Participant: 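Please read through the structure below; I'll follow up with questions.
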Amino acid sequence: MSAFRSMRRVFQGVEAANYVVFKLKDVNFKRVIATTSYVSADKKLFTPGPLGVTLTVKEAMLRDLGSRDVTFIDTVKFIRSKLIEIAGVSADKYTSIPLQGSGTYAVEAVIQTTTPRTNGDVLVLENGAYGKRIGKICQSLGVEFLLESFPEDARVDVKRVEEILKSGRKFTNVAIIHHETSSGVVNPIKEVGQLVKQYLRDACYLVDGMSSFGAMTINIEECHIDYLVSSANKCIEGVPGFSFAIARLEHLLTCSGQSRSLSLDLFDQYDNLERTSQFRFTPPTHTMLAFRQALKEFEIEGGVQGRGGRYKANHQVLREGMRQLGFKELLDKSHEGQGYMITSFHYPKHPKFDFHEFYRRLSDKDQVIYPGKVLNLNCFRIGNIGQLYPTDMEYLIKCIKEVCADMDIALPLQC
């Protein structure tokens with residue numbers, strides 16, 4: 001990979017300044033280069049979040065602003081507006097609602113706020129850890145729900161979903177994960193959304209787009225999505241501290257007084273933001289300043305297409321390198337061309353392979369993959385998102401090869 005053009009930009013408050021355009025085959029990447037002389041002591045994070053961010057995003061947090069400061073209020077307005085722009089929807093029909101906490105907080109806020117207090121019934125379609133978590137949320141709330149499970153290495157079965165929706169049970173809510181981060185499976189949110197509106201026109205359709213929003217094209221209206229949820233520390237490449245929901249206004253406005261929680265009342269959060277442009281309770285000021293900077297760098301890189309293109313290239317380099325070493329992917333060829341944020345691999349069937357030892361040795365080389373499995377299947381995950389580029393994936397492959405040699409595991413693996 002070779003740089004063929006460099007440019008310079010100056011943003012308000014933070015100099016983001018240098019970025020270099022790289023070319024790999026037919027894909028261009030814009031990589032932000034810090035303006036200051038800085039050598040990071042941080043390890044490379046090949047995880048699905050938190051993830052590595054640019055120095056300029058970190059630098060954006062080096063300000064103390066009050067929650068009612070005009071500059072911070074303008075930051076909140078900017079973020080809300082940009083999220084609607086990235087979502088590709090009209091501000092007349094949809095709104096964005098930032099909320100303190102991780103992505104799970106926003107998922108629970110949607111469930112809390114949109115599930116009717118009387119006769120509420122949630123259909124949860126799950127094929128991994130994060131779908132199961134929505135079921136736990138419903139259980140904790142004491143909400144009636146059906147957890148419909150599918151194999152962890154397969155998509156949600158649209159035909160089975162149709163059977164359930166035709167059964168006569170009057171679900172008020174349907175929830176699904178778009179990109180199941182525990183495996184890398186991409187679920188058919190468009191087909192499911194069409195069925196929800198066909199059989200249960202008034203039901204609320206929630207899509208958890210935690211690790212897909214910002215890197216995969218999601219046509220919210222075409223998919224009939226009422227609420228799409230994501231987080232600051234995923235594909236936009238901000239830092240942890242808040243999550244957000246893209247909400248269909250017509251539905252949201254029917255939810256006043258419905259939440260079972262004060263702090264997770266999504267309608268009340270929206271209402272207060274609209275009236276005052278302020279959070280109801282102490283906002284994550286530094287995190288939001290970082291996110292504002294991340295949004296600007298996201299735009300420089302080319303938005304969803306540019307960011308997704310880099311992640312795809314990372315995914316391709318990783319897959320090819322691991323294939324040459326003999327590692328077997330969790331997902332079969334039927335998933336080809338689907339997800340590219342996370343790549344899952346089966347544990348090698350080698351007597352000397354121990355994942356914890358494998359993880360520790362990689363970490364000692366400053367390469368941090370996801371520490372442990374979250375599925376029932378014996379597999380591990382490697383993230384392709386965050387401040388990672390194809391050269392980083394190549395170096396990770398090199399380190400994996402060295403670690404296997406140190407563990408006396410002959411390569412390529414004989415699966």
Side-chain angles (χ1 to χ4, degrees), residues 1 3 11 13-20 22 29-64 102-103 181 210-211 214-215 231-243 284-298 300-301 307 310-311 313-315 317-318 321 341-343 355-372 380-403 406:
M1 192 186 333
F11 296 132
V14 177
E15 197 175 24
N18 294 328
Y19 64 84
V20 177
F22 291 87
F29 309 103
K30 293 182 180 178
R31 183 168 191 167
V32 175
I33 308 296
T35 56
T36 54
S37 177
Y38 174 79
V39 178
S40 174
D42 296 333
K43 298 182 178 184
K44 281 286 180 182
L45 300 182
F46 297 86
T47 57
L51 36 73
V53 302
T54 64
L55 174 61
T56 43
V57 166
K58 296 173 186 176
E59 286 175 338
M61 293 187 285
L62 300 178
R63 299 184 67 189
D64 293 323
S102 69
T181 321
M210 212 65 62
S211 58
S231 175
N233 62 302
K234 296 294 185 179
C235 298
I236 305 297
E237 297 186 8
V239 300
F242 79 95
S243 49
T285 53
H286 298 85
T287 297
M288 298 197 81
L289 289 170
F291 195 70
R292 177 177 181 136
Q293 178 66 20
L295 285 168
K296 292 177 178 179
E297 296 179 12
F298 176 81
I300 287 176
E301 190 169 10
R307 185 64 50 90
R310 172 160 59 86
Y311 293 168
N314 290 345
H315 175 62
V317 171
L318 178 66
M341 275 66 75
I342 300 295
T343 315
F355 176 75
H356 297 290
E357 179 71 7
F358 180 71
Y359 170 84
R360 183 189 64 78
R361 287 178 179 270
L362 279 176
S363 181
D364 288 345
K365 293 178 178 290
D366 295 337
Q367 311 293 293
V368 179
I369 64 173
Y370 204 83
F380 63 92
R381 297 178 287 167
I382 297 178
N384 308 307
I385 64 178
Q387 271 299 291
L388 296 174
Y389 293 79
T391 49
D392 296 309
M393 313 312 287
E394 291 168 356
Y395 185 71
L396 173 65
I397 295 296
K398 176 177 178 292
C399 290
I400 288 174
K401 187 174 181 179
E402 292 171 354
V403 164
D406 292 341

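Computed from heavy atoms alone, side chains included, the values below leave out hydrogens, waters and symmetry copies. We number each residue from 1, following the sequence as shown. Remember, it's a predicted structure, so these values are computed and weren't measured experimentally.
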Participant: Search all heavy atoms of I369 against all heavy atoms of I382 and return the closest pair with its distance.
Facilitator: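 Heavy-atom minimum between the residues: CG2-CG1, 4.0 Å.
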Participant: Side-chain contact test, heavy atoms from C-beta onward, threshold under 4.5 Å: evaluate it for Q293 versus V53 and give yes or no.
Facilitator: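 Not in contact.
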Participant: What are the two closest non-hydrogen atoms of F46 and D392, and how far apart are they?
Facilitator: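 For F46 and D392, the tightest heavy-atom pair comes out as CZ-O, 3.8 Å.
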Participant: Could you grab the distance from atom OG1 of T47 to atom CG of L388, nearest 0.5 Å is fine?
Facilitator: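 The distance works out to 8.0 Å.
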Participant: Tell me whether E357 is salt-bridged to R361, with the criterion being a basic N under 4.0 Å from an acidic carboxylate O.
Facilitator: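 Judged by the 4.0 Å cut-off on N to carboxylate O distance, E357 and R361 do form a salt bridge.
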Participant: Tell me the closest heavy-atom pair linking C399 and Q367, and the distance in Å.
Facilitator: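 Of all heavy-atom pairs spanning C399 and Q367, the closest is SG-CG, 3.8 Å.
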Participant: Among Q387, E237, E297, find the residue that satisfies the side chain to side chain donor-acceptor pair (under 3.5 Å) test when tested with T54.
Facilitator: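 The single option meeting the side chain to side chain donor-acceptor pair (under 3.5 Å) with T54 is E297.
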Participant: Mind running salt bridge (Lys or Arg N to Asp or Glu O under 4.0 Å) on E394 and K398 for me, showing each step along the way?
Facilitator: CA-CA 6 Å; E394 291 168 356; K398 176 177 178 292; over 6 Å; no
Participant: Mind listing the closest non-hydrogen atom pair of F242 and P284 along with its distance?
Facilitator: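 Residues F242 and P284, closest heavy atoms: CB-CG, 3.9 Å.
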Participant: Please name the pair of heavy atoms, one in N384 and one in I342, separated by the smallest distance, quoted to 0.1 Å.
Facilitator: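 So the two residues come closest at ND2-N, 3.8 Å.
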Participant: What distance separates L62 CG from H286 NE2, expressed to the nearest 0.5 Å?
Facilitator: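 Between atom CG of L62 and atom NE2 of H286 there are 8.0 Å.
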Participant: How long is the span from the CZ atom in F355 to the CG atom in L362, to the nearest 0.5 Å?
Facilitator: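 Answer rounded to 0.5 Å: 8.5 Å.
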Participant: Just verifying a value: how many Å separate D366 CG and L45 CG, rounded to the nearest 0.5 Å?
Facilitator: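 So the CG of D366 and the CG of L45 are separated by 10.5 Å.
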Participant: So does V368 get a backbone contact from the side chain of S363, meaning a donor-acceptor N/O pair under 3.5 Å?
Facilitator: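 No; zero donor-acceptor contacts below 3.5 Å.
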Participant: Report the distance from atom CG of N314 to atom CD1 of I385, rounding to the nearest 0.5 Å.
Facilitator: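 Here the interatomic distance stands at 10.5 Å.
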Participant: Is any side-chain heavy atom of T181 closer than 4.5 Å to a side-chain heavy atom of M341?
Facilitator: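 The answer is no, as the side chains (C-beta and beyond) never meet within the 4.5 Å cut-off.
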Participant: Hey, does Y359 have a side-chain heavy atom less than 4.5 Å from the side chain of F380?
Facilitator: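 In short, these two side chains do not touch, never coming nearer than 4.5 Å.
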Participant: Once you round to the nearest 0.5 Å, how far does CE of M393 lie from NE2 of H315?
Facilitator: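 The CE atom of M393 sits 9.5 Å away from the NE2 atom of H315.
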Participant: For K365, is the NZ atom crowded, meaning more than 12 foreign heavy atoms sit under 6.0 Å from it?
Facilitator: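 Buried by this count: over 12 neighbours within 6.0 Å.
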Participant: Taking all non-hydrogen atoms of both residues into account, name the closest pair between N233 and V239 and its distance.
Facilitator: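 In terms of heavy atoms, the two residues are closest at CB-C, 3.8 Å.
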